[in-house]
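Have a look at the structure below before the remarks.
Chain letters run A, B, ... following the sequence lines, proteins first, then strands; residues in each count from 1. Below, each value reflects all heavy atoms present in this structure, side chains not excepted, and no hydrogens, waters or symmetry copies.
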Amino acid sequence: MTLVKEAPARPAQKRSAAPAAGRRGRRRENLAGYLFMSPWIAGFLLLTAGPMIASLYYAFTSYNLFTPPKWVGLDNFTTMFQDPRWQKSVEVTLKYVVVATPLKLLLALGVALLLAQNRRGQALYRAAFYMPSLIGASVSVGFVWRALFSDDAVVDRTQKVFGLDVGGWIGNPDYVLYSLVALSIWQFGAPMVIFLAGLKQVPQELYEAAEMDGAGPLRRFWNITLPMISPVLFFNVLLESIHAFQVFGSAYVVSDTRCGPADATLVYTCYLYQKGFKESQMGFASAMAWTLVIAVALVTAVLFWSQKKWVHYEEAAK
Amino acid sequence: MTSATSPVAHTANEGRRIGSLVWHVGALLVLAVVLYPVIWVLGASFKPSKDIIASLDLLPTKPVWANFSGLADGISGISIGSFFSNSLMYAGLAVVGVVLSSSLTAYAFAKIRFAGRNLLFTLMIGTLLLPYHVLLIPQYVLFRNLGYIDTLVPLVAGKFLATEAFFVFLMVQFMRGLPRELDEAAKLDGCGHLRTYWSIVLPLSRPAIITSAIFTFINAWNDFMGPLIYLNTPSKYTVSLGLMMFRDQEGISNYGSMIAMSLVALVPVVAFFMAFQRYLIDGMATSGLKG
């Protein structure tokens with residue numbers, strides 16, 4: 001992206017100054033650049049690159065924090081794949097990602113379509129719909145969720161009115177995960193705002209032309225809106241699914257600190273936390289972390305590959 | 001879209017009015033569902049403990065203050081104020097760290113032509129997609145070996161070292177949009193990079209900086225996993241951990257105070273949001289789209 005942008009600037013700089021001064025100037029620019037970004041460089045080496053190498057090493061060791069890591073080869077991975085709780089955590093996480101992400105994006109798109117019409121008080125509505133996204137990560141909201149979905153509380157009683165008695169969601173292994181899904185869907189504000197910005201950029205002439213050709217609202221949505229916002233949709237799908245893979249707080253707070261009755265909300269990161277920080281199995285937890293990285297990278301790669309089929313960029317349309 | 005296309009002017013007008021009414025009713029209905037938990041917690045904080053789960057009323061029949069006055073006792077001998085000042089310290093340091101380090105880094109990416117810039121920029125963007133959990137364990141080991149467990153250092157070190165790539169990216173995008181003529185003029189006037197950064201680019205980047213500052217504050221205030229891993233002494237706990245203490249030790253016997261404290265813990269976030277929502281939402285939209 002930046003490579004293309006920078007290419008013409010360099011010769012221009014060379015032309016403007018004498019060769020010797022140019023070289024000195026360039027050296028000074030290099031120095032200034034590195035000085036300005038020295039916090040990032042230090043942070044990258046110390047807190048990102050270094051730890052990545054370390055965790056890759058730990059993944060192949062047995063390490064309990066107190067004695068030095070011992071090389072065990074692929075043992076962590078083979079134990080992990082055969083561990084029924086690890087399998088359960090993968091199952092729970094996939095279920096969560098697959099259910100929560102589409103529903104959240106659907107709601108986000110629906111509300112964005114509603115708010116894209118120019119009406120009075122639009123900014124106020126927008127802000128109100130966005131609020132859950134900001135407070136949703138708080139432990140406070142986790143408690144509220146517990147109170148709303150627990151046995152004999154509001155949700156349970158409302159269901160009973162309709163004859164759907166499940167006895168509360170929090171204590172029920174079949175339902176508790178869906179209370180977390182509900183919490184995730186509730187925080188639809190961020191993708192909604194991004195959809196809204198995308199919708200505002202669709203040229204109105206397209207709709208006018210389609211209307212003249214007799215296209216109804218559904219048809220206009222399918223043939224104009226959806227293709228025009230597909231880059232934004234792609235961005236939201238990518239971001240929200242990556243986030244969903246990493247859910248932790250709500251599973252820990254809403255269900256209980258052991259992640260659910262009968263491991264029903266044992267999401268991947270919750271098991272990683274238990275293994276690493278409760279059982280001090282740093283090697284195993286590192287192996288789990290790298291497996292997550294690979295899974296997320298695969299999902300990202302598949303999404304990027306699939307975008308050729310359904311994402312329309314304007315350059316392609318021309 | 002819903003407005004009628006009748007040839008008679010006043011019926012069209014009426015149609016538009018009906019369309020608008022339908023729109024507002026629809027939007028308010030969705031809003032009622034979305035804001036229900038918020039209103040519920042507001043009402044519940046004034047209900048007696050035993051009514052909080054059991055009562056179906058959204059608002060208390062007879063409001064009580066006991067839940068809030070009960071907060072004054074604190075928990076396990078630690079005052080509520082202690083949790084709040086710890087969180088405030090964490091969030092304050094995080095904001096200073098992110099604004100300083102990210103704006104310096106962003107200036108380098110946006111305004112200085114130095115060798116290797118493209119490669120470093122790609123690396124920086126790459127860290128955006130990296131799951132945080134792969135760094136969790138080695139970072140813990142690092143801070144443990146340095147003797148920083150049970151301090152704020154592990155929580156804020158990354159903020160001072162520009163590891164929050166999202167904010168660096170946000171500021172780079174913003175600074176690239178600033179007119180080139182400004183910093184070129186500054187250069188002709190003999191300003192060095194430091195001067196240009198401080199007196200020209202930084203003041204002009206205010207919207208991006210405010211957005212980053214507010215998001216950082218709210219993220220730090222809501223942060224749960226960080227304090228959970230790094231803080232051990234209850235007197236050093238942030239609000240999130242204080243809330244967990246409430247739940248683990250008082251259980252449902254004192255549900256009222258727990259809900260009251262939950263509400264109080266949300267106040268700074270909501271206040272920040274109300275004051276700056278315009279910046280936040282626009283920042284969110286632009287950063288998302290330019291990605």
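- For A/Val296, the part sitting under 4.5 Å from any heavy atom of chain B is the side chain, from C-beta outward, and nothing else.
- Taking chain B as the reference chain and counting heavy-atom pairs below 4.5 Å, the highest number among A/Ala54, A/Gly50, A/Ser55 is found for A/Ser55.
- For chain A, the option among B/Leu120, B/Val269, B/Ile52, B/Leu130 with the highest count of heavy-atom pairs below 4.5 Å is B/Leu120.
- Heavy-atom distances place both the backbone and the side chain of B/Leu194 under 4.5 Å from chain A.
- Relative orientation of the A/Trp186 and A/Trp145 rings is tilted, given thresholds of 30° and 60° on the angle between their planes.
- Using a 4.5 Å cut-off between heavy atoms, A/Ser38 makes no contact with chain B at all.
- No part of A/Arg28 comes within reach of chain B, as not one of its non-hydrogen atoms sits under 4.5 angstrom from that chain.
- Your options are B/Leu123, B/Asp223, B/Asn145, and the one with the most heavy-atom pairs under 4.5 Å with chain A is B/Leu123.
- Chain B forms the most heavy-atom pairs under 4.5 Å with one residue out of A/Ala127, A/Ala59, A/Ala289, and that residue is A/Ala127.
- In this structure, CG in B/Leu266 is found 10.0 Å from CH2 in B/Trp221, a value given to the nearest 0.5 Å.
- The parts of A/Val253 that come within reach of chain B are both its backbone and its side chain, each placing non-hydrogen atoms under 4.5 angstrom from that chain.
- Note: B/Ala27 leads B/Ala27, B/Ser102, B/Ser101, B/Ala157 in heavy-atom pairs under 4.5 Å with chain A.
- You'll find the side chain of A/Leu238 stays beyond 4.5 Å of the side chain of A/Phe235, heavy atoms only.
- For a residue to count as touching a neighbouring chain, one of its non-hydrogen atoms must lie under 4.5 Å from one of that chain's; by this rule B/Val30 touches chain A with backbone and side chain alike.
- With a 4.5 angstrom heavy-atom cutoff, B/Leu241 does not touch chain A via any of its atoms.
- Within the 4.5 angstrom heavy-atom criterion, atoms from both the backbone and the side chain of B/Leu243 approach chain A.
- The distance from atom NZ of B/Lys159 to atom CG of B/Leu100, rounded to the nearest 0.5 Å, is 14.5 Å.
- Counting heavy-atom pairs closer than 4.5 Å to chain B, the top-ranked of the candidates A/Thr300, A/Ile242, A/Asp256 is A/Asp256.
- Proximity to chain B is limited to the side chain of A/Leu272, based on heavy atoms less than 4.5 angstrom apart.
- B/Ile259 CD1 to B/Phe246 CZ: the interatomic distance, rounded to the nearest 0.5 Å, is 11.0 Å.
- For the atom pair B/Ile214 CD1 and B/Phe276 CZ, the distance stands at 5.0 Å (nearest 0.5 Å).
- The parts of B/Leu31 that come within reach of chain A are both its backbone and its side chain, each placing non-hydrogen atoms under 4.5 angstrom from that chain.
- If you tally non-hydrogen atom pairs under 4.5 Å between each of A/Phe195, A/Trp290, A/Tyr34 and chain B, the highest count goes to A/Tyr34.
- Both the backbone and the side chain of B/Ser240 come within less than 4.5 Å of a heavy atom in chain A.
- The aromatic rings of B/Phe109 and A/Trp40 lie perpendicular to each other, with more than 60° between the two planes, well past the 30° mark.
- In terms of heavy-atom pairs under 4.5 angstrom with chain A, the leader among B/Trp23, B/Tyr132, B/Trp40 is B/Trp23.
- Looking at A/Phe245, neither its backbone nor its side chain comes within 4.5 Å of chain B, counting heavy atoms on both sides.
- Using a 30° and 60° split on the angle between ring planes, B/Tyr140 and A/Phe277 fall in the perpendicular class, above 60°.
- Although no hydrogens or angles enter the test, the distance criterion places a donor-acceptor pair under 3.5 Å between the side chain of A/Gln187 and the main chain of A/Leu183.
- The number of heavy atoms from other shown groups lying within 6.0 Å of CG (B/Leu29) is above 12.
- By number of non-hydrogen pairs under 4.5 angstrom with chain B, the leading residue of A/Ala123, A/Gly121, A/Ala137, A/Gly110 is A/Ala137.
- Highest contact tally toward chain A, considering only B/Phe273, B/Tyr36, B/Phe272, is held by B/Phe273 [criterion: heavy-atom pairs under 4.5 Å].
- With respect to chain B, the highest number of heavy-atom pairs below 4.5 Å among A/His243, A/Met131, A/Met52, A/Lys200 belongs to A/Met131.
- Ring geometry for B/Tyr197 against B/Tyr107 counts as perpendicular: the plane angle is over 60°, on a 0 to 90° scale with 30° as the lower cut.
- Remark: the backbone N or O of B/Asn222 is not paired with any side-chain donor or acceptor of A/Ser138 at under 3.5 angstrom.
- The number of heavy atoms from other shown groups lying within 6.0 Å of CG (A/Leu31) is above 12.
- If you tally non-hydrogen atom pairs under 4.5 Å between each of B/Leu104, B/Val41, B/Ile218 and chain A, the highest count goes to B/Leu104.
- Side-chain contact check for A/Ser286 and A/Tyr57: no donor-acceptor pair (N or O, by modelled atom type) lies under 3.5 Å.
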